[in-house]
Amino acid sequence: MNNLISEEDREIQLEKVYHTIETGEKRKLEENLIESTKWETVVAKMSTFELKQILEEKRNEYNPAFLIAAEKEIVSRGLIE
């Protein structure tokens, strides 16, 4: 039994896999953007120092939706573009 596929079929299968991954990542980003609005009040009360520390040093300790809200707050304060 020969399990080989053509290069063309291989590329088609890879494109399907990449599309599935990309679609999942886009959906997760959209969910995080929506969820980030829940954090806007919290991050608005934080100091610039705290926000920068979170974004630059402690990113791995916070959920992506919170980080999006923190980034938006830093931008709204005119500290980064």
Side-chain angles (χ1 to χ4, degrees):
M1 187 146 82
N2 189 352
N3 292 331
L4 299 177
I5 62 172
S6 71
E7 184 65 23
E8 183 179 342
D9 287 342
R10 180 185 153 289
E11 290 197 17
I12 290 170
Q13 289 180 7
L14 283 173
E15 283 299 319
K16 288 179 184 177
V17 169
Y18 293 145
H19 176 72
T20 301
I21 292 169
E22 186 176 284
T23 301
E25 289 173 354
K26 284 181 182 177
R27 185 174 55 248
K28 188 63 181 163
L29 176 59
E30 289 169 0
E31 291 170 1
N32 287 333
L33 284 170
I34 293 167
E35 186 183 339
S36 73
T37 60
K38 298 174 185 175
W39 294 105
E40 288 175 355
T41 305
V42 174
V43 298
K45 295 176 183 177
M46 298 177 82
S47 72
T48 299
F49 175 79
E50 290 172 308
L51 292 172
K52 284 186 171 185
Q53 188 175 36
I54 289 167
L55 293 173
E56 295 171 2
E57 300 170 17
K58 299 181 179 182
R59 290 187 80 83
N60 295 336
E61 298 175 25
Y62 291 85
N63 93 25
F66 180 88
L67 294 172
I68 291 169
E71 289 169 349
K72 287 180 184 178
E73 181 63 23
I74 288 287
V75 168
S76 74
R77 294 180 188 187
L79 302 173
I80 59 172
E81 295 179 4

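Partners of Lys58 according to the side chain to side chain contact (heavy atoms under 4.5 Å, CB included) rule, which considers only residues two or more places apart in sequence or in another chain, are Gln53, Glu61, Tyr62. With sequence neighbours left out, the salt bridge (Lys or Arg N to Asp or Glu O under 4.0 Å) criterion links Lys26 to Glu22. In this structure, Glu30 has no salt bridge (Lys or Arg N to Asp or Glu O under 4.0 Å) partners at least two apart in sequence or on a different chain.
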Verdict with supporting geometry, Val75 and Glu71, side chain to side chain contact (heavy atoms under 4.5 Å, CB included): CA-CA 6 Å; Val75 168; Glu71 289 169 349; 5.6 Å; no

Output side-chain donor-acceptor pairs under 3.5 Å for residues 35-44, partner residues at least two apart or in another chain, one line each.
unit_1	atom_1	unit_2	atom_2	d
Ser36	OG	Leu33	O	2.6
Ser36	OG	Lys72	NZ	3.4
Thr37	OG1	Ile34	O	2.7

May I have the list of side-chain donor-acceptor pairs in residues 8-15 shorter than 3.5 Å, sequence neighbours left out?
unit_1	atom_1	unit_2	atom_2	d
Asp9	OD2	Ser6	OG	3.4
Arg10	NH1	Glu7	OE2	3.1

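Hydrophobic clustering (ILVMFWY, side-chain heavy atoms < 4.5 Å, transitive): Met46 and Leu55 are in one cluster. If you chain together hydrophobic residues whose side chains sit under 4.5 Å apart, Leu51 and Leu67 fall into the same group.
Here ring pair (Phe, Tyr, Trp, His ring centres under 6.0 Å) pairs that include residues 3-29, with residues two or more places apart or in two chains, number zero.
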